[in-house]
Every structure is written in C-alpha cells, then in structure tokens.
Peer 1: 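Below you will find the structure I want to go over with you.
Just the heavy atoms: all of them, side chains too, but no hydrogens, waters or symmetry mates, feed the values below.
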Amino acid sequence: MISIQNEDISPEEIINALRAPEAGAVVSFLGVVRRDPDVASGLEVEAYEEMAMERLREIAKAAKKRFEILDIAIVHRIGRLALGDNITFIASSAAHRSDAFAATEWVLEEVKRTVPLWKKEI
C-alpha cells in the first residue's frame with residue numbers, strides 16, 4: 001500500500017494487510033505531530049502529489065530489491081494536522097525481523113530525504 005491522503009491512518013488495518021503465512025515479522029513506524037517550540041497547534045503538510053507518489057513507489061521497489069522483505073506500506077498524510085495526529089506510517093513484513101527493521105528504517109530515511117513534501121508549522 002502506497003498512499004498520500006488527507007484521511008487519518010489506520011495502522012492496524014495496514015499491519016493486517018501485510019500479514020502473510022511466510023512473514024515472521026511485521027515492523028512498523030508511526031510518526032505523529034509533536035509539540036515543539038515552533039509548533040503552536042500543528043502542521044500544514046503539502047505535497048506535489050504526482051511526483052511524491054512516483055517517488056514513494058520507487059522507494060518501495062528499491063526496498064524490495066535491497067532487503068529480504070515480503071511487502072511494504074508507505075502512507076503519508078497531507079493537510080492540516082493537529083498535535084498528536086498521525087502524519088506518516090511505514091511498515092514492512094519479512095520472514096525475519098532484522099530485514100523488516102532495516103527496511104522500515106531505510107524507507108523512512110528515504111521518504112524524509114527525497115519525497116517532495118513540505119511541512120509548515122502552525
């Protein structure tokens with residue numbers, strides 16, 4: 001599952017979608033809007049959606065080549081988000097936990113580094 005969406009993220013639904021008989025691990029990361037001196041009430045997140053979706057698909061494809069994973073999900077929200085709201089969710093399934101942990105962390109760093117998303121503190 002690859003998605004950029006306004007709606008809230010359902011981690012349980014995504015994790016259940018990644019479950020497979022061959023998967024010994026499903027590792028996930030949930031990013032939330034945190035209180036920060038520069039963040040009064042939340043974030044406004046914008047994306048160049050077409051380019052961002054293309055980049056997310058490329059990252060997912062690269063993760064499947066780079067790590068021994070079965071499946072991966074990358075979901076990022078856009079729009080106005082309040083403190084504590086879910087902002088991003090990444091999960092990967094693999095036969096072994098080390099592959100799932102490594103893939104999830106690598107994907108998170110690639111998303112932060114290369115996907116055209118902009119956050120404005122509000």
Side-chain angles (χ1 to χ4, degrees):
M1 173 184 203
I2 307 294
S3 177
I4 294 174
Q5 61 190 47
N6 286 301
E7 301 81 25
D8 196 9
I9 298 166
S10 173
E12 185 176 346
E13 183 177 307
I14 297 167
I15 288 170
N16 284 335
L18 293 180
R19 289 178 175 266
E22 303 82 14
V26 179
V27 171
S28 66
F29 168 83
L30 176 63
V32 297
V33 179
R34 72 172 185 268
R35 182 175 309 283
D36 184 281
D38 297 328
V39 178
S41 62
L43 295 173
E44 179 78 31
V45 182
E46 296 179 355
Y48 179 176
E49 288 188 53
E50 185 175 311
M51 185 179 287
M53 281 297 294
E54 182 178 325
R55 183 64 193 131
L56 291 177
R57 287 187 198 101
E58 290 170 356
I59 291 169
K61 187 175 177 180
K64 288 179 181 176
K65 283 186 176 179
R66 187 178 184 114
F67 303 97
E68 294 291 323
I69 57 173
L70 300 169
D71 204 357
I72 190 148
I74 311 170
V75 179
H76 207 292
R77 290 183 69 192
I78 55 173
R80 196 174 183 97
L81 305 174
L83 295 173
D85 280 355
N86 299 329
I87 188 169
T88 189
F89 186 77
I90 298 168
S92 59
S93 61
H96 304 287
R97 68 179 180 269
S98 60
D99 294 314
F101 274 113
T104 301
E105 183 175 20
W106 183 83
V107 168
L108 173 61
E109 295 304 324
E110 287 297 301
V111 169
K112 290 183 65 113
R113 193 175 66 81
T114 68
V115 177
L117 293 157
W118 299 275
K119 299 173 191 168
K120 176 182 169 190
E121 293 91 4
I122 52 176

Peer 1: Run the side-chain contact (heavy atoms from CB on, under 4.5 Å) test against Tyr48 and tell me which residues pass, sequence neighbours left out.
Peer 2: Glu50, Met51, Pro116, Trp118
Peer 1: Just to verify, what does Lys119 make a salt bridge (Lys or Arg N to Asp or Glu O under 4.0 Å) with, not counting sequence neighbours?
Peer 2: none
Peer 1: Does a side-chain heavy-atom distance below 4.5 Å link Thr88 with Phe29?
Peer 2: yes
Peer 1: Looking at residues at least two apart in the chain, or sitting in another chain, which of them share a side chain to side chain donor-acceptor pair (under 3.5 Å) with Ser98?
Peer 2: none
Peer 1: Treating Arg77 as the side-chain partner and Asn86 as the backbone partner, does any N or O pair qualify as donor plus acceptor under 3.5 Å?
Peer 2: yes
Peer 1: With sequence neighbours left out, what residues match Glu109 under side chain to side chain donor-acceptor pair (under 3.5 Å)?
Peer 2: none
Peer 1: For Asp85 and Ala82, indicate whether the former's side chain and the latter's backbone hold a donor-acceptor pair under 3.5 Å.
Peer 2: yes
Peer 1: Rounded at 0.5 Å granularity, tell me how far CD1 in Ile74 sits from CE in Met53.
Peer 2: 9.5 Å
Peer 1: Could you work out, with side chain to side chain donor-acceptor pair (under 3.5 Å) as the rule, every residue matching Asp99, not counting sequence neighbours?
Peer 2: none
Peer 1: May I ask you to decide if Ala103's main-chain N or O and Ser92's side chain share a donor-acceptor pair within less than 3.5 Å?
Peer 2: no
Peer 1: Compare every heavy atom of Lys64 with every heavy atom of Ile72, then report the nearest pair and how far apart it is.
Peer 2: CG2-CE, 4.0 Å
Peer 1: Would you find a donor on one side and an acceptor on the other, under 3.5 Å apart, between the side chain of Gln5 and the backbone of Asp8?
Peer 2: yes
Peer 1: Which Ile, Leu, Val, Met, Phe, Trp or Tyr residues join Val27 in one cluster when any pair of side-chain heavy atoms under 4.5 Å counts as a link?
Peer 2: Phe101
Peer 1: Do any pairs count as a ring pair (Phe, Tyr, Trp, His ring centres under 6.0 Å) and have a residue in residues 59-79, sequence neighbours left out, and if so which ones?
Peer 2: Phe67-Trp106
Peer 1: Hey, what else clusters with Ile9 if you join Ile, Leu, Val, Met, Phe, Trp, Tyr whenever side-chain heavy atoms sit under 4.5 Å?
Peer 2: Met1, Ile14, Ile15, Leu18, Val26, Leu30, Val32, Val75, Phe89
Peer 1: Considering non-hydrogen atoms only, spot the tightest contact between Ala63 and Val107 and give its length.
Peer 2: CB-CG2, 3.7 Å
Peer 1: Any chance you could lay out the side-chain contact (heavy atoms from CB on, under 4.5 Å) test for Leu83 and Arg34, step after step, and finish with the verdict?
Peer 2: CA-CA 6 Å; Leu83 295 173; Arg34 72 172 185 268; over 6 Å; no
Peer 1: Within this structure, what is the CG-CZ distance for the pair Asn6 and Arg80, rounded to the nearest 0.5 Å?
Peer 2: 13.0 Å
Peer 1: May I ask you to check whether over 12 heavy atoms, not counting those of Glu105, lie within 6.0 Å of atom CD?
Peer 2: no
Peer 1: Please determine whether side chain to side chain donor-acceptor pair (under 3.5 Å) holds for the pair Glu12 and Ser10, giving the CA-CA distance in whole Å, both sets of side-chain angles, and the decisive distance to 0.1 Å.
Peer 2: CA-CA 6 Å; Glu12 185 176 346; Ser10 173; over 6 Å; no
Peer 1: Quick one: list whatever passes side chain to side chain donor-acceptor pair (under 3.5 Å) with Arg113, sequence neighbours left out.
Peer 2: Glu110
Peer 1: May I have the list of side-chain donor-acceptor pairs in residues 36-47 shorter than 3.5 Å, sequence neighbours left out?
Peer 2:
| residue | atom | partner | partner atom | Å |
| --- | --- | --- | --- | --- |
| Asp36 | OD1 | Asp38 | N | 2.9 |

Peer 1: Please name all residues satisfying side-chain contact (heavy atoms from CB on, under 4.5 Å) with Val115, sequence neighbours left out, ordered by chain then number.
Peer 2: Ala52, Arg55, Leu56, Ile59, Val111, Leu117
Peer 1: Please name all residues satisfying side-chain contact (heavy atoms from CB on, under 4.5 Å) with Glu22, sequence neighbours left out, ordered by chain then number.
Peer 2: Ala20, Leu70
Peer 1: With a cut-off of 6.0 Å (strictly less than), are more than 12 heavy atoms of other residues, nucleotides or ligands near CD of Glu13?
Peer 2: no
Peer 1: Is there a donor-acceptor contact under 3.5 Å from the side chain of Ser93 to the main chain of Asp71?
Peer 2: yes
